[in-house]
Peer 1: 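Sending over a structure as structure tokens; questions will come in a sec.
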Amino acid sequence: MIKIYDSYSKDYKEVITKSINMYVCGITTSDYCHLGHAFSSVSFEILDRFLTSKGFNVTRIQNFTDVDDKIIAKSIEEKISAEEVSEKYIDAFFQDMDELGVKRANHYPKATDEIYNIIEFIKKLEEKNLTYSINGSIYFRVSKFAKYGKLSSRDINNSLSGTRVNENLDKESVGDFALWKSSKPDEPYWDSPWGKGRPGWHIECSSMVLNTIGDTVDIHGGGIDLIFPHHENEIAQSEALNGKKFANIWMHNGMVKIQGEKMSKSLGNLIKLKDALEIFGADLLRMWILSSHYRKPLLYDEKIINSFSKPLNRIKDAINLIPIAYEKKLESKKEFDQFNLALSNDLNTSVALSQIISLSKKINNSNNELDISFAQNNLNKMLEITGLCQNIKNENNDKDIFIDEEIEQLLEKRNNYRKSKEFSKADEIRDELLKQGIEIVDNGFNSVWKKV
RNA sequence: GGCGACGUAGCCAAGUGGUCUAAGGCCGAGGUCUGCAAAACCUCUAUUCGGCGGUUCGAAUCCGCCCGUCGCCUCCA
């Protein structure tokens, strides 16, 4: 049984249907990805990998918001078109996420490719008298949707009057939000029944879900900072449109924090993913992300991330050790089962990672007594589900090393030289094997062999 | 001001009423092995879960109050 915490019902929900579609809110293409994007992407990617490993048929969709104020501002600043800005950062997104080893989603729809559907969506809302128009902009009338505020536990009547809400006197009510924004001169625009303009932010996700998945999406995900107003607004417009439940499970990942504060655009304390990849590499970043639960805040600290380099080396050793055909095999069922159980329990990656490390230690410790090949198999499955060490594994698959009789004799010969203290002859054999891609690690006279 | 989350060892972190005298990792202290090399491995490191009460046969886990930190209410993953 696989359980996921649902932010809407504030309770755990079981993933039941064999076919699962996921819609994850993606990035605004106005800048390079930062570690918050990495956290979110890896979290939902691992759910995808895990469900797939359990036989579910997963369709994952992640959008690009490729038209908005920040993109327009950047296009003016850099004197290029908004499209060129978006294209640049979409390319960068894929480059960085690929390097992090994030399994690609099935579709990456763009807001600008969705304009027709968005206009149709708004027209239907209009027909239902859920909207009003001011100077060519169309707004959703929040008071028309009774359940507004349920996801974010907000009472619209008193909580939206806080000091930080920007009073927009044009709107009937502060909570109302734009479905369509009329364009100012020199801004990108699309023709619509309401004149030249562009979509509001929230409507693209509702439209994409409807047109790529249908009325109801199984799992809708995104950062916890999107709960209000973004996801609240998505629910309002989608459910008001067709009366169907919009998402069965709402899944929200926590925020990356740096020096006690949220890493965010407004605070300007971002660490770009591409910079972090350069400093730490994909595997350390991934272990850092796995080490904490996806709904909790993730603390950025170079020391913390680097603290995974030792356990990472253990894992690498465990998959690189060359197994010897002993009669008795090393048991790994317990770790493998615990690993799966942990991920089934609202994606407890921290415990899953601990099982990977424990099994790695067991493998490293038994290569001279037990057949580790079965345990390595399980370890590889665990690594694949968590996306760890995938580059190393791929490299190793290219060179299929095994210990044949000839090599075994060489190894025995070398240890005899060592026993008789003819070290230069022993070292010659070590160098020879190294050329063949085999590294010898001595444990007394019980040497083990690793793929290099 | 409204709403919400969190507070576990020096640090990161798991823990959805009993197997918790609390997983895993880092750091630290010992140790095994050792020609070199690099490791690897083992042992130790919270009788205690922010504080105070309560519920219960039993609480880190549930309830109340207090203290502290953070998030959302503005673009945000």
Side-chain angles (χ1 to χ4, degrees), chain A residues 3 5 7 10-12 24-28 30 33-44 62 65 68-70 73 149 152-155 157-166 174-175 201 221-230 232 252-257 260-267 270 287-288 291-293 295-299 301 303-314 317 321 338 342 345-346 348-358 361-362 364-367 417-419 421-424 426-427 430 439-446 448 450:
Chain A
K3 286 184 302 181
Y5 183 80
S7 314
K10 276 93 180 158
D11 203 356
Y12 296 89
V24 182
C25 285
I27 62 160
T28 301
S30 60
C33 290
H34 59 257
L35 288 175
H37 300 128
F39 184 26
S40 182
S41 294
V42 168
S43 298
F44 293 106
Q62 184 167 10
T65 301
D68 95 315
D69 291 344
K70 281 200 168 68
S152 56
S153 315
R154 235 164 267 258
D155 180 356
N157 293 319
N158 58 41
S159 71
L160 290 177
S161 57
T163 50
R164 294 164 79 185
V165 171
N166 241 345
V174 285
W201 174 35
I224 203 166
D225 55 346
L226 298 183
I227 286 179
F228 191 88
H230 186 55
E232 198 71 74
H252 292 102
N253 67 276
M255 297 291 102
V256 174
K257 288 172 74 177
E261 280 180 319
K262 175 188 170 187
M263 189 176 279
S264 75
K265 289 184 186 173
S266 50
L267 291 169
L270 304 171
M287 284 183 83
W288 168 59
S291 73
S292 137
H293 189 86
R295 286 194 279 122
K296 292 262 179 80
L298 179 62
L299 273 48
D301 181 321
K303 266 193 216 140
I304 293 172
I305 300 176
N306 279 128
S307 77
F308 293 103
S309 52
K310 260 193 187 177
L312 177 60
N313 281 334
R314 286 201 190 116
D317 276 351
L321 281 174
Q338 291 291 328
N345 187 11
D346 195 26
N348 189 333
T349 52
S350 179
V351 168
L353 180 63
S354 77
Q355 295 308 308
I356 288 178
I357 294 171
S358 299
K361 283 164 74 172
K362 257 172 96 171
N364 293 334
N365 202 22
S366 350
N367 198 32
Y417 281 134
R418 289 175 67 216
K419 281 172 192 163
K421 299 201 191 297
E422 297 174 79
F423 298 122
S424 59
D427 289 348
R430 181 163 64 185
E439 184 191 352
I440 299 177
V441 180
D442 293 330
N443 282 318
F445 288 104
N446 250 344
V448 296
K450 291 195 303 189

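When reading the values below, keep in mind they use all heavy atoms of this one structure, side chains included, and skip hydrogens, waters and symmetry mates. Lettering of chains follows the sequences in order, A, B, ..., and the numbering in each one begins at 1.
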Peer 1: To the nearest Å, how far apart are A:Leu298 CG and B:C70 C1'?
Peer 2: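 Rounded to the whole Å, the gap is 14 Å.
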Peer 1: Check the distance between B:C70's C1' and A:Asp225's CG and give it to me in whole angstrom.
Peer 2: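 In whole Å, B:C70 C1' lies 13 Å from A:Asp225 CG.
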Peer 1: Rounded to whole Å, please give me the gap between CD1 in A:Ile304 and C1' in B:G25.
Peer 2: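 Answer to the nearest Å: 11 Å.
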Peer 1: Could you check whether A:Ser41 gets within reach of a base, just the sugar-phosphate, or nothing at all, counting any heavy atom under 4.0 Å?
Peer 2: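 Touches nothing.
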Peer 1: Which part of the nucleic acid does A:Ser153 contact within heavy-atom distance under 4.0 Å: base, sugar-phosphate only, or nothing?
Peer 2: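 Sugar-phosphate, backbone atoms only, no base.
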Peer 1: Applying side chain to side chain contact (heavy atoms under 4.5 Å, CB included) between A:Gln62 and each of A:Ser41, A:Ser40, A:Cys25, report the one that passes.
Peer 2: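 Exactly one pass, corresponding to A:Ser41.
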Peer 1: Of all the nucleotides listed (B:A77, B:G25, B:C73), which has the minimum atom distance to the side chain of A:Asn253?
Peer 2: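 Nearest nucleotide to the side chain: B:A77.
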Peer 1: What's the gap between B:G51 and B:G10 when it is taken at their P atoms, as a whole Å value?
Peer 2: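 Per the computed distance, 13 Å lies between those P atoms.
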Peer 1: What is the distance, rounded to the nearest whole Å, between atom CZ of A:Phe228 and atom P of B:C75?
Peer 2: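 These atoms are roughly 9 Å apart.
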Peer 1: Measuring from A:Thr28:OG1 to A:His37:NE2, what's the distance to the nearest 0.5 Å?
Peer 2: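 Rounded to the nearest 0.5 Å, the OG1-NE2 separation comes out at 7.0 Å.
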Peer 1: Rounded to the nearest 0.5 Å, how far does CG of A:Leu299 lie from CE of A:Met263?
Peer 2: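 So the CE of A:Met263 and the CG of A:Leu299 are separated by 10.5 Å.
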Peer 1: Between A:Asp225 (side chain) and A:Met255 (backbone), is there a donor-acceptor pair under 3.5 Å?
Peer 2: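 No; zero donor-acceptor contacts below 3.5 Å.
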Peer 1: So A:Gly254, base contact, sugar-phosphate only, or nothing? Heavy-atom distance under 4.0 Å.
Peer 2: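 Touches a base.
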Peer 1: For A:Val256, which contact category applies under a 4.0 Å heavy-atom criterion: base, sugar-phosphate, or nothing?
Peer 2: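 Base contact.
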Peer 1: Using Watson-Crick or G-U wobble geometry with both distances under 3.5 Å, which nucleotide pairs with B:C72?
Peer 2: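 Partner of B:C72: B:G2.
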Peer 1: Taking atom C1' in both B:G7 and B:C11, compute the distance separating them and give it to the nearest angstrom.
Peer 2: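 Rounded to whole Å, the distance is 15 Å.
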Peer 1: Once you apply a heavy-atom cut-off of 4.0 Å, does A:His293 come out as touching a base, just sugar-phosphate, or nothing?
Peer 2: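 Sugar-phosphate contact only - A:His293 comes under 4.0 Å of backbone atoms but never of a base.
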Peer 1: Just checking A:Lys3: base, sugar-phosphate only, or nothing, at a heavy-atom cut-off of under 4.0 Å?
Peer 2: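 It contacts base atoms.
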Peer 1: Find the partner of B:G15: check Watson-Crick (N1-N3 plus N6-O4 or O6-N4) and G-U wobble (N1-O2, O6-N3) distances, both under 3.5 Å, and reply none if neither fits.
Peer 2: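 Across any shown strand, B:G15 pairs with B:U8.
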Peer 1: Counting any heavy atom closer than 4.0 Å, what does A:Gly260 reach on the DNA or RNA strands: base, sugar-phosphate only, or nothing?
Peer 2: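 Sugar-phosphate: the residue A:Gly260, judged by heavy atoms under 4.0 Å, touches backbone atoms but no base.
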Peer 1: Work out how far the P atom of B:G15 is from that of B:A37, and round it to whole angstrom.
Peer 2: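 That atom pair is separated by 43 Å.
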Peer 1: Please measure how far the P atom in B:C27 lies from the corresponding atom in B:G71, and state the result in whole Å.
Peer 2: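 It comes out at 30 Å once rounded to the nearest Å.
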Peer 1: Taking pairing as Watson-Crick or G-U wobble with both contacts under 3.5 Å, can you name the mate of B:A46, or confirm there isn't one?
Peer 2: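 When the pairing criteria are applied, nothing turns out to pair with B:A46, so the answer is none.
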Peer 1: Specify the separation, in whole Å, of atom NZ of A:Lys262 and atom C1' of B:A77.
Peer 2: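 The distance from NZ of A:Lys262 to C1' of B:A77 comes to 8 Å, rounded to the nearest Å.
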Peer 1: Counting only N and O atoms by type, is there a donor-acceptor contact under 3.5 Å from the side chain of A:Thr349 to the main-chain atoms of A:Ser291?
Peer 2: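 Not at all, since once roles are kept as given, no pair shorter than 3.5 Å links the two residues.
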Peer 1: For A:Lys303, is the NZ atom crowded, meaning more than 12 foreign heavy atoms sit under 6.0 Å from it?
Peer 2: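 At most 12 heavy atoms, drawn from other residues, nucleotides or ligands, come within 6.0 Å of this atom.
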Peer 1: Would you mind classifying the nucleic acid contact of A:Ser354 as base, sugar-phosphate or nothing, using non-hydrogen atoms under 4.0 angstrom?
Peer 2: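 Base: the residue A:Ser354, judged by heavy atoms under 4.0 Å, touches a nucleobase.
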Peer 1: Can you give one letter per nucleotide of nucleotides 28-40 of chain B, 5' to 3': B if a protein heavy atom sits under 4.0 Å from the base, S if only from the sugar-phosphate, - if neither?
Peer 2: -----SSBBBBBS
Peer 1: Is it true that a side-chain atom of A:Asn348 and a backbone atom of A:Val351 form a donor plus acceptor pair closer than 3.5 Å?
Peer 2: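 Indeed, once roles are kept as given, a pair shorter than 3.5 Å links the two residues.
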Peer 1: Both distances below 3.5 Å, Watson-Crick or wobble geometry, any strand: find the nucleotide opposite B:A40.
Peer 2: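 By the stated definition (distances under 3.5 Å), B:U32 pairs with B:A40.
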Peer 1: Out of B:A77, B:C75, B:C26, which nucleotide sits closest to the side chain of A:Met255?
Peer 2: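 Between B:A77, B:C75, B:C26, the one nearest the side chain of A:Met255 would be B:A77.
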Peer 1: Which distance, rounded to the nearest 0.5 Å, do you find between the CG of A:Asp301 and the CG of A:Asn306?
Peer 2: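 Here the interatomic distance stands at 9.0 Å.
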Peer 1: For the C1' atoms, the ones on B:U69 and on B:A23, what distance do you get once it is rounded to whole angstrom?
Peer 2: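 That atom pair is separated by 25 Å.
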Peer 1: So that I can tick it off, tell me whether A:Asp427 and A:Arg430 are bridged by a salt bridge, with the cut-off set at under 4.0 angstrom between side-chain N and carboxylate O.
Peer 2: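 Answer for the salt bridge query: yes.
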Peer 1: A:Lys265 side chain N/O closer than 4.0 Å to the phosphate oxygens (OP1, OP2) of B:A77?
Peer 2: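 So the side-chain polar atoms of A:Lys265 do come within 4.0 Å of the phosphate oxygens OP1 or OP2 of B:A77, strictly under.
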Peer 1: What is the distance, rounded to the nearest whole Å, between atom CG of A:Asp155 and atom P of B:G2?
Peer 2: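 Taking atom P of B:G2 as the reference, CG of A:Asp155 is at 13 Å.
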Peer 1: Specify the residue among A:Ser292 and A:Met263 whose closest nucleotide of RNA chain B lies further upstream toward the 5′ end.
Peer 2: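 Closest to the 5' end, via its nearest nucleotide, is A:Ser292.
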Peer 1: From A:Ile357 CD1 over to A:Gln355 CD, what is the distance, rounded to the nearest 0.5 angstrom?
Peer 2: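 Reported value, rounded in 0.5 Å steps: 10.0 Å.
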Peer 1: Give one of base, sugar-phosphate or nothing for A:Ile357, where a contact means two heavy atoms less than 4.0 Å apart.
Peer 2: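 Sugar-phosphate contact only.
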Peer 1: Using the C1' atom as the reference point in each nucleotide, state the distance between B:U45 and B:G50 in Å, no decimals.
Peer 2: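 To the nearest whole Å, 22 Å.
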Peer 1: Separation of A:Arg154 atom CZ from B:G2 atom P, in whole Å?
Peer 2: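 Roughly 13 Å, once rounded to whole Å.
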Peer 1: Rounding to the closest angstrom, what is the interatomic distance between B:A59 and B:A22 at atom C1'?
Peer 2: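 That atom pair is separated by 13 Å.
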Peer 1: Can you list the steps and then say if A:Trp288 with A:Val42 is a side-chain contact (heavy atoms from CB on, under 4.5 Å)?
Peer 2: CA-CA 11 Å; A:Trp288 168 59; A:Val42 168; over 6 Å; no
Peer 1: Rounded to whole angstroms, how far apart are NE2 on A:His252 and P on B:C3?
Peer 2: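 Going from NE2 in A:His252 over to P in B:C3 covers 20 Å.
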Peer 1: Given the P atoms of B:U61 and B:U8, what is the spacing between them in whole Å?
Peer 2: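 Taking atom P in both B:U61 and B:U8, they lie 13 Å apart.
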Peer 1: Can you tell me the Watson-Crick or wobble partner of B:A23, both distances under 3.5 angstrom?
Peer 2: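 In the structure as shown, B:A23 has no Watson-Crick or wobble partner.
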Peer 1: Determine, answering yes or no, if A:Tyr12 is stacked on B:U16 under the 5.5 Å centre rule and the 30° plane rule.
Peer 2: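 Yes, the aromatic ring of A:Tyr12 stacks with the base.
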Peer 1: Under 4.0 Å, heavy atoms only, any strand: does A:Met287 hit a base, just the sugar-phosphate, or nothing?
Peer 2: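 No contact at all - A:Met287 keeps every heavy atom at 4.0 Å or more from the nucleic acid.
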Peer 1: Counting any heavy atom closer than 4.0 Å, what does A:Ser291 reach on the DNA or RNA strands: base, sugar-phosphate only, or nothing?
Peer 2: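 Sugar-phosphate contact only.
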Peer 1: Searching all strands shown, indicate the nucleotide that pairs with B:G64 (Watson-Crick or G-U wobble; both distances under 3.5 Å).
Peer 2: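 Its partner is B:C52.
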Peer 1: For A:Ser358 and A:His34, find the nucleotide of RNA chain B closest to each by heavy atoms; which residue's nucleotide sits nearer the 5' end?
Peer 2: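 In this pair, the answer is A:Ser358.
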Peer 1: At under 4.0 Å between heavy atoms, what does A:Ser350 touch on the DNA or RNA strands: base, sugar-phosphate, or nothing?
Peer 2: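 Base contact - A:Ser350 has a heavy atom under 4.0 Å of at least one base atom.
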